[in-house]
Protein chains: 2
Amino acid sequence: MTVSKAAAVDATKASRAARKEPAEVDADGAALQLGELSELLGYSLKRAQLRVFEDFLCCVAPLQLTPAQFSVLLLLDRNPGRNQTEIANTLGILRPNFVAMLDGLESRDLCARMRSTNDRRSHIVVLTDKGRAVLARAKKLVAAKHEARLNELLGPANRAALLAMLARIASEF
Amino acid sequence: MTVSKAAAVDATKASRAARKEPAEVDADGAALQLGELSELLGYSLKRAQLRVFEDFLCCVAPLQLTPAQFSVLLLLDRNPGRNQTEIANTLGILRPNFVAMLDGLESRDLCARMRSTNDRRSHIVVLTDKGRAVLARAKKLVAAKHEARLNELLGPANRAALLAMLARIASEF
DNA sequence: GGTATTTGATATGATTGATAACAATTATCG
DNA sequence: CGATAATTGTTATCAATCATATCAAATACC
């Protein structure tokens, strides 16, 4: 996936106009035929996912948050008092990889690790005030710019149906 | 994305039963609340995409093909006489990264590079007989095991609607 | 109490994605 | 024609993601 923190710095450069479309014609007159590729669910899934993440990155660029970072903040806000392993597991992030991720958020004072009093092995991860503020702003940006555009493209009913099917695939496939 | 060639070797290990579900309960009784995360289209999109690729890898494991490799073979079959740049561009692969990918396929005798007679800079990429045979077998596996299961999960109408929306997002968002 | 497990962390490797640069070839245009 | 620009495949290189093994501290289990 292309959701680098570096890319977040100038995510606007990835705006639709300047970007090179995958199947775009190349001054050559004949675009290639996707053929059965367009019937492959996985292919369209990946393409759509890349596009959506790209737009997310762009919309939240002022706050310098990647989708993964945003999901961590959301989860921390919703589930106070949890440790690193619980947060990471819920998001499908491996514990070793979650360490550096938390380091990044903590160095920006968006969250903090606190030793648990019950179990002094675990670090309870808490949102800081700044973290809550950034999350609130991010939510607004996502709702107003990102999800709103998707709603506009698909229509509310289709969007809901899409979401339901994706969730179904993720959990029942 | 986790579609490594190494993973393809033992993709079966990723079968549903043995895998650790992201939001699975951890012997601890309380699963975390996803909250607004479950309303984020990008989140479900990514989750579904990972799951679908995982299953694809598993279904095509006997042929040792990743989704990306399969897409290249499909494209070569459908668009004979094209050079590396055209194939790579269509799939959204950067030219430098496509070199190693082609090396892999060519070393397995699934395709071959031929110098173009018109433009001696370009390499026309052609499917070999073995490539065509592997592609044919892969198509059957994908249709019978992979796409069939998705059809079963969603139903044909929903599957078509999902595909249409994803394609819409990929191309118009 | 002694062993096994869990938690956070480090190190490390593999894979993917992106950019710069280069040689060979071709296109452009004065 | 001939110089310059552009294109093609390639290499090198870097950043980011993902995965595994391992470790010390703390806890759980018998």
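Just so it is clear: chains get the letters A, B, ... in the order the sequence lines come, proteins before strands, and each one is counted from 1.
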To the nearest Å, give me how far apart [atom1] ([X]) and [atom2] ([N]) are.
X	N	atom1	atom2	value
B:Arg82	D:dG9	CZ	C1'	18 Å
B:Phe98	C:dT16	CZ	C1'	15 Å
B:Met101	D:dT11	CE	C1'	19 Å
A:Leu94	D:dT20	CG	P	7 Å
B:His123	C:dT25	NE2	C1'	11 Å
A:Ile93	D:dA16	CD1	C1'	13 Å
B:Asn97	D:dT11	CG	C1'	12 Å
A:Glu54	C:dG17	CD	P	13 Å

Please list each protein N or O that sits under 3.5 Å from an N or O in nucleotides 27-30 of chain D, with the distance.
{"residue": "D:dT27", "atom": "OP1", "partner": "A:Arg120", "partner atom": "N", "Å": "3.0"}

Quick one: is [N] close enough that its OP1 or OP2 comes under 4.0 Å of any side-chain N or O from [X]?
X	N	answer
B:Arg115	C:dT25	no
A:Thr85	C:dG8	yes
B:Ser122	D:dT7	no
A:Lys46	C:dG17	yes

Exercise for the section: Consider only side-chain heavy atoms of I, L, V, M, F, W and Y, link residues closer than 4.5 Å, and tell whether B:Val126 and B:Leu74 are in one cluster. Expected result: no
Minimum-distance nucleotide to [X] side chain [options: [options]]:
X	options	value
A:Asn83	C:dT7, D:dA19, C:dA9	C:dT7
B:Pro96	C:dA20, D:dT20, C:dG8	C:dA20
B:Arg95	D:dT8, D:dT10, C:dA18	D:dT10

Handout entry: Between A:Asn83 and A:His123, a side-chain donor and acceptor under 3.5 Å
Key =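 Side-chain D/A pair, A:Asn83 to A:His123: absent.
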With side chains defined as the heavy atoms from C-beta onward, is the minimum distance between [X] and [Y] less than 4.5 Å?
X	Y	result
A:Leu166	B:Leu41	yes
B:Leu34	A:Leu75	yes
B:His146	B:Leu141	no

Fill in the blank from the handout: Residues at least two apart in sequence or cross-chain that pass ring pair (Phe, Tyr, Trp, His ring centres under 6.0 Å) with B:Phe70, listed by chain then number, are B:Phe56
Handout entry: Salt bridge present between A:Glu54 and A:Arg51 (N-O < 4.0 angstrom)
Key =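 A salt bridge links A:Glu54 with A:Arg51.
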